[in-house]
J.: 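Just passing along the structure, written as C-alpha cells.
In what follows, every heavy atom counts, from backbone to side chain, and hydrogens, waters and symmetry copies are set aside. No experiment lies behind these values; they were computed from the predicted model shown. Every chain is numbered from 1 and lettered A, B, ... according to where its sequence line falls, protein lines coming before strand lines.
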Amino acid sequence: MSGIISARAWGKVWAYRSTFLLGLLNTVETAIFAILLALVLGVIFGLMATSGKKILQVISRVYVEIMQNTPILLQLCFFYYALAFSGHSIGILPTGIVALGVYTGAYMAEVVRAGIEAVPKGQFEAAMSQGFTYVERMYYIILPQSIKIILPPMVNQIVNLIKNTSCLYIIGGADLISLTYSFVTGENTGGAYAPAYLVSGLLFFIICYPLSKTASVWEIHLKKRDQRVLFQRTEGTVTDNE
Amino acid sequence: MIRLENVCKNFGDLQVLKNVNLEVKEGEKLVIIGPSGSGKSTTVRCMNFLEEPTSGHVYIDGQKLTHANKTKIIRESISMVFQQFNLYPHMTVLKNLTIAPMKLHHKSKKEAEDLAYHYLDVVGLRDKAHVYPTTLSGGQQQRIAIARALCAQTKIILFDEPTSALDPETIQEVLDVMIKLAKENITMVVVTHEMGFARQVADRVVFMADGQIIEEGTPDHFFENPSNERVKQFLGKIIR
C-alpha cells in the first residue's frame, strides 16, 4: 500500500501517465457527444413542455420524471444489457454517450422549460399579435430572451454530465475513472491508490472548475442586471388587468 | 371589417363572453367601455384570436378566422397595442419596429427603417430609435408600441386598455397620438376607461357588462342620454 508521500507510487503514476491521458480523452470524447445529444433532447422536450399542447406536455413530463427519478447507473445497466442480450450491442462508449445524453437531456429539458416560462406572457402575445408563427416566435422573440436565463444552469448540467461519465465504470468503460480503477488494482501497476485518484481527480477538476466558475459568474452578473431593470421598471407599471 | 357572431368564451366554469354580436365597419373608431371584468378585453382579444372563442365565429374582411389561418390573417390585417406595451426588451426601439416588417412582410432593411422612422416621427420619438425600451417612460414605451403596430400597415389596430398602466401625467401624450391616428382611415377598436377620449374620437361606443353588450350608440347618445340603467350608473361613477 503506497501512501500519498511515496515517491515510488508517484513514479508509477508518472510512468503510466498515458493511461490517465487516454482515460481523460475517452471521458472528454464521451462527454462531448453526450452533451450534444442532451442539448438536442433538452431543447426538443423543453419546447414540448411549453407548447401548450396537452399530449406533448405529457410525453415530455413522463420522460423527465422517469429520467430524474431513477439512478443513472440503473439506466446505464438497463440500456447496456438490454442491447447486449438482444444482440444489438453498440459498444461501450456509444452506450455511454446515449445513456448519459438521454439522462442529462431530462435535466436540460427542465432548464429550457424554466427559461421559456420566465419570459413574460406578454412577449408571446405581442409576437402572436404581429403574426409570427410558432417557430419564428421562439427564434426571434422568446429564445433570445431565455438564453441568458438558460445558460448558467445548463453549464452546471454539463459539469454534472462530465462527472457522471464515471458511471461508465459499471459497464466496463475506458473512461478516466474506470482506467484509474484498473490502474490501482492492476497486477503490475496496483497499489498507488492515493496518487492515482488525486491525479484523476485533478484532471476532472481542471475541466469542470472553469465551467462551474463561468456559470456562477454569469449568474451573479445576471442577477445584478435584473435588479437594475427591476429598478428602472418600478415606475409607471401599476396594473389593472381585466 | 370585423364581425363577431354569437361569440362565447369560457375560462373553465367562468363564462366571460355570452353571445357577443358585433360588427365594426372599415375605418370606424369603436370604443368599448364597461366595468372591470365585463369582458371588454376578452372581446378584443377574440378579434385576433389571442383568445379563441369557445363557440361562435369571428370574421375579418369577410373571411372566417380559424386556428389554421389566424397567423396569415393577423399578419396581413390586424395589429394590437397592449396595456403593458410588450415591447421586446432585448431589441432596440428601431429593431422592435423593423423586425416584423423585415421577417414577416419581406421588406428590405432600408424600407423597414424608413418606415420605422416615418412612424417614429408620427409618435414624436425619432430620437429614441437606438435606445432599449426599458430605459423609456411608460408613455414613451406605449407610443413606441403604437409605432410598432403602425409599421405593420394593417387596416385594423386593436387597443387593449392602452393607458391603464400609465402614470397620469403620461396618459395624455399617448391619447394625443391616438387622436392623431383617428384621423386616418384605420379601423380602431379601443378598450378604455378614458371617457374624454371616447367622446372625442369614437364613431360608436359599446358598453359591456357581465360578458354582454348592454348598449351601443353614438357618443352623443351614449353620454347625453343613455337609456340603460346600468350605463347611467357606470357613467355616474366615472365622469367627474
J.: Which region of A:Phe132, side chain (C-beta onward) or backbone (N, CA, C, O), has a non-hydrogen atom less than 4.5 Å from a non-hydrogen atom of chain B, or is it both or neither?
T.: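 Contact with chain B: backbone and side chain both.
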J.: Would you name the heavy atoms of B:His90 and A:Ile141 that are closest together and state the gap between them?
T.: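 Heavy atoms only, the tightest pair is CE1-O, 3.4 Å.
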J.: Should we count CZ of A:Phe204 as having more than 12 external heavy atoms under 6.0 Å?
T.: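 Check passes, neighbour count above 12.
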J.: To the nearest 0.5 Å, what is the distance between CD on A:Glu125 and CZ on B:Arg45?
T.: 4.0 Å
J.: Report, as yes or no, whether the 6.0 Å neighbourhood of atom OH on B:Tyr88 holds more than 12 heavy atoms from other residues, nucleotides or ligands.
T.: yes
J.: Check each atom of B:Leu87 against the heavy atoms of chain A and say whether the ones under 4.5 Å are side chain, backbone, both or neither.
T.: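 The backbone, not the side chain.
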J.: Can you say whether B:Leu50 sits under 4.5 Å from chain A via the side chain, the backbone, both, or neither, judging by heavy atoms?
T.: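 Contact with chain A involves the side chain of B:Leu50 alone.
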J.: In terms of heavy-atom pairs under 4.5 Å with chain A, which of B:Met91, B:Arg148, B:Lys70 leads?
T.: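 Highest number of heavy-atom pairs under 4.5 Å: B:Arg148.
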J.: Nearest heavy-atom pair of A:Glu136 and B:Leu104: which atoms, and what distance?
T.: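 Shortest heavy-atom separation between A:Glu136 and B:Leu104 comes out as OE1-CD2, 3.4 Å.
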J.: Quick one: does B:Asn86's side chain have a donor or acceptor within less than 3.5 Å of a partner on A:Gly122's backbone?
T.: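 Present.
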J.: Can you say whether B:Ala100 sits under 4.5 Å from chain A via the side chain, the backbone, both, or neither, judging by heavy atoms?
T.: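 It is both, since atoms from each part get that close.
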J.: If you count heavy atoms of other groups shown closer than 6.0 angstrom to OH of B:Tyr59, is the number above 12?
T.: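 Enclosed.
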J.: So how far is it from B:Ile78 CD1 to A:Gln130 CD, rounded to the nearest 0.5 Å?
T.: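 It comes to 13.0 Å.
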J.: Near A:Tyr139 OH, under 6.0 Å, is it more than 12 heavy atoms from other residues, nucleotides or ligands?
T.: no
J.: Where is the tightest heavy-atom contact between A:Gln123 and B:Pro89, given as atom of each residue plus distance?
T.: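 The answer is OE1-CD, 3.4 Å.
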